[in-house]
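Some notes on the structure that comes next.
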Amino acid sequence: MFPLANKNAIVTGGLSGIGRAIAKRLVSAGARVLVADRRADGDRLASSLGVKFLQTDVSQEEQVAAMFDTAQKHFGSVNILVSNAGIQPLGIGFEQLNGELLRRTLDVNVNGVAFGIKHALLSMAEHGRVINLASFVGLLATPGGTAYATSKAAVIHLTRLGAIELARRRITVNAISPGTILTPAVTEIPDNPEIAFVERRTPLGRLGRPEEVAALCHFLASDEAAYITGQNIAIDGGLTAGWTEYDLVPPANIQNGRWVDDV
């Protein structure tokens, strides 16, 4: 289902967590994949995934341009870009925020996506797919998310802008906003209070799996998704749908299921 044979993809930040699951999923669907990641041991990790590798800092435009050039040298063209690379400075509110942290977060999470869209316009084959990884905190204000949530809200709006400008080349641009996903960034924090909170707060009562996000990305990368663009799709177990608990006492005006005026 949703074959990607003869499609060539770039996945940024594709050596761990959600990015790794996406790279694996695209390869399994038949795509040729270049993983662009900052890790120095990337060649070894990439070989186990069956992908090409280029060490890349997406906050630097010349390195984003180089990853497109490298993919074109390996594959001949680029059909799919998944901008997944990012940093996650959660737990930092306004009181602890400083300029260095804010700049670095925006450099990676926002500039990396913006440069990806720019060079997709310049270099990607027509009818291509750009998929940007945002977050539920870009939709729902959360304490301690000052820099990170701001960056992910920007990713969602960049996606809309990109969809408009790239439409003339029939390139779609969409965003995915995962909820809390079972990646090492979450599971390797000892006694992480976020896990129990999200399980309680999420209508489906659990955290997501990287493979579930990868499945959505696979669909958006496919030919079947050709008429979807400028959208942000939350994959969060219903977390952003609304409150799961809200204790209310009906007013005296409601009597036997009817509204009674002047009570």
Side-chain angles (χ1 to χ4, degrees), residues 18 86 88-98 101-102 105-106 109-110 113 131-165 167 172-183 185-187 189 191-213 215-217 219-220 224-263:
I18 292 172
Q88 195 177 58
L90 287 170
I92 301 296
F94 283 104
E95 186 175 357
Q96 299 84 26
L97 183 67
N98 61 63
L101 178 64
L102 183 59
T105 305
L106 298 181
N109 295 2
V110 180
V113 168
I131 302 160
N132 302 319
L133 271 290
S135 170
F136 78 99
V137 300
L139 296 166
L140 180 69
T142 54
T146 309
Y148 182 68
T150 298
S151 74
K152 292 304 184 177
V155 168
I156 294 168
H157 203 66
L158 282 170
T159 296
R160 297 182 181 121
L161 294 168
I164 294 168
E165 293 200 21
T172 66
V173 185
N174 292 291
I176 295 173
S177 282
T180 303
I181 306 297
L182 288 166
T183 65
V186 173
T187 59
I189 297 175
D191 302 317
N192 188 349
E194 182 183 10
I195 294 175
F197 174 81
V198 170
E199 288 174 341
R200 184 176 71 252
R201 175 69 178 77
T202 300
L204 291 184
R206 66 174 177 86
L207 278 65
R209 301 189 304 274
E211 293 77 16
E212 292 173 311
V213 182
L216 174 57
C217 186
F219 169 67
L220 289 175
E224 287 81 354
Y227 201 54
I228 302 172
T229 196
Q231 303 305 304
N232 174 59
I233 303 174
I235 178 166
D236 61 6
L239 183 63
T240 55
W243 296 349
T244 55
E245 297 179 9
Y246 187 23
D247 294 331
L248 293 170
V249 177
N253 302 72
I254 297 180
Q255 298 178 6
N256 299 317
R258 297 177 61 194
W259 181 269
V260 180
D261 290 329
D262 303 323
V263 172

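- In plain terms, the two heavy atoms of Ser177 and Ala134 that are nearest each other are OG-CB, 3.4 Å.
- In this structure, Leu158 and Asn132 have side chains that are not in contact, with every pair of non-hydrogen atoms separated by 4.5 Å or more.
- For the atom pair CD (Gln88) and NZ (Lys152), the distance works out to 8.0 Å, reported to the nearest 0.5 Å.
- The residue from Arg201, Glu194, Arg206 that alone fulfils the side-chain contact (heavy atoms from CB on, under 4.5 Å) condition with Thr180 is Glu194.
- Side-chain atoms of Thr146 come within 3.5 Å of backbone atoms of Phe94 as a donor-acceptor pair (strictly under, hydrogens ignored).
- Although no hydrogens or angles enter the test, the distance criterion places no donor-acceptor pair under 3.5 Å between the side chain of Asp236 and the main chain of Pro178.
- Residue Thr172 comes nearest to Ala226 through the heavy atom pair CG2-O, 3.6 Å, listed as atom of the first residue, atom of the second, then distance.
- To the nearest 0.5 angstrom, Arg160 atom CZ is 6.5 Å from Asn232 atom CG.
- Considering only heavy atoms from C-beta on, Val186 stays 4.5 Å or farther from Val198 through its side chain.
- Of all the heavy atoms in Pro89 and Ala147, the pair that sits closest is CG-CB, 4.5 Å.
- Crowding of Glu199 atom CD: a count of heavy atoms from other residues, nucleotides or ligands under 6.0 Å exceeding 12.
- Using a 4.5 Å cut-off on side-chain heavy atoms (C-beta onward), Phe136 and Thr142 make contact.
- Across all non-hydrogen atoms, the minimal contact from Gly237 to Thr202 is O-CG2, 3.2 Å.
- Residues Ile176 and Ile18 form no side-chain contact, since every pair of their non-hydrogen atoms from C-beta on lies 4.5 Å or further apart.
- Annotation for Asp261: atom CG counts as buried by contact number, over 12 foreign heavy atoms lying within 6.0 Å.
- The CG atom of Leu90 sits 7.5 Å away from the OG atom of Ser135 when rounded to the nearest 0.5 Å.
- Residue Gln231 is tested with Thr159, Asn174, Val173 for a side-chain contact (heavy atoms from CB on, under 4.5 Å); the sole match is Asn174.
- Note: Phe219 CZ to Ile131 CD1 = 10.5 Å, rounded to the nearest 0.5 Å.
- The minimum heavy-atom distance linking Arg200 with Thr244 is given by the pair O-OG1, 3.8 Å.
- In this structure, Asp191 CG and Ile189 CD1 are separated by 11.0 Å, a value rounded to the nearest 0.5 Å.
- With Leu207 as the partner, the side-chain contact (heavy atoms from CB on, under 4.5 Å) test is satisfied by one option alone out of Leu239, Ile181, Ile195: Ile195.
- In this structure, CD1 on Ile233 lies 11.5 Å from CD1 on Ile156, to the nearest 0.5 angstrom.
- With contacts defined as side-chain heavy-atom distances shorter than 4.5 Å, the pair Pro251/Ile254 qualifies.
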